[in-house]
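Following this message is one structure expressed as structure tokens.
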Amino acid sequence: NKTLAKVTLVSCVVGDNGAQHVAEALINNAQMYAINLSYTMIGNAGAASLSNAMKVSKTLGQLFLDGNKIGDSGMSSLSESLKANKSLNELSLSNNNSATWAYNT
């Protein structure tokens, strides 16, 4: 779907595989501006997939990944994608599994 603007799958079992599919949709959809995947069991691999998509997205303005299983490597991937992404204005990552990220940002 090339016209989908918002994806909300809060508290669904999405996991890393589902996050990869959402990332592919973001790459192929120039209209998507908001994704909420909070409490969806996404880990580092899913975060890496989403961060790769964020690098090429020119429309994504909001990404919510609260309450997942994203650890330090996933947080680093997301952080790196912010260097290339100029459209994102809201990123929420509370209640994840990153032990050191909170102290290093």
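What you are looking at is a predicted structure, and each value in this text was computed from that prediction instead of being measured.
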If we count only N and O atoms by modelled type, under 3.5 Å, do the side chains of S38 and N68 hold a donor and an acceptor together?
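No donor-acceptor contact under 3.5 Å links the two side chains.
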Neighbour count >12 (heavy atoms, 6.0 Å) for atom NZ, K55:
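Enclosed.
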Mark yes or no for whether N29, through its side chain, and A25, through its backbone, hold a donor-acceptor pair below 3.5 Å.
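No.
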Within a strict 4.5 Å, meaning less than it, do heavy atoms of the I35 and L9 side chains meet?
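No, every pair of side-chain atoms sits at 4.5 Å or beyond.
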Checking the side chain of N44 only, and the main-chain atoms of G71 only, is there a donor and an acceptor separated by less than 3.5 Å?
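Indeed, once roles are kept as given, a pair shorter than 3.5 Å links the two residues.
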S77 side chain to S51 backbone, donor-acceptor under 3.5 Å
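Checked: no pair found.
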Is it the case that one hydrophobic cluster holds both I42 and L91, taking links as side-chain heavy atoms less than 4.5 Å apart, direct or via other members?
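Yes, same cluster.
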Where M54 and N85 come nearest, the two heavy atoms and their spacing
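Heavy atoms of M54 and N85 come nearest at O-ND2, 2.9 Å.
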Given the rule that I, L, V, M, F, W and Y join up when any side-chain heavy atoms are under 4.5 Å apart, are V10 and M41 in one cluster?
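Cluster IDs for V10 and M41 differ.
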Please find the pair of heavy atoms, one from T59 and one from M32, that lie closest to each other, and give the distance.
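Minimum heavy-atom contact is OG1-O, 2.6 Å.
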Side chain S76, main chain D72, donor-acceptor under 3.5 Å:
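Present.
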So among L60, L37, D16, which one has a side-chain contact (heavy atoms from CB on, under 4.5 Å) with L50?
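It is L37; the other options fail the test.
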Where the side chain of N96 meets the backbone of L93, is there a donor-acceptor pair that is under 3.5 Å apart?
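Looks like yes, one N/O pair under 3.5 Å.
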Is there a donor-acceptor pair under 3.5 Å between the side chain of N95 and the backbone N or O of D66?
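Checked: no pair found.
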Same cluster (ILVMFWY, side-chain, under 4.5 Å), V7 and L65
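Looking at the clustering, L65 is in the same group as V7.
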Can you give me the closest heavy-atom contact between S57 and L26, atom names plus distance?
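In terms of heavy atoms, the two residues are closest at OG-CD1, 3.7 Å.
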If every non-hydrogen atom of N89 is compared with every non-hydrogen atom of Q62, which pair is closest and at what distance?
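Here N89 and Q62 meet closest at OD1-CG, 4.3 Å.
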Between K86 and K83, what is the shortest heavy-atom contact and its length?
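Nearest pair, atom of K86 first, then K83: NZ-O, 3.0 Å.
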hydrophobic_cluster_shared for L4 and I27, side chain cutoff 4.5 Å
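Different clusters.
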Take N97 and I70 through the test side-chain contact (heavy atoms from CB on, under 4.5 Å) and record every step on the way to the result.
CA-CA 5 Å; N97 285 345; I70 302 170; over 6 Å; no
If you compare all heavy atoms of S92 against all heavy atoms of F64, which two are closest, and at what distance to 0.1 Å?
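Residues S92 and F64, closest heavy atoms: CB-CD2, 3.5 Å.
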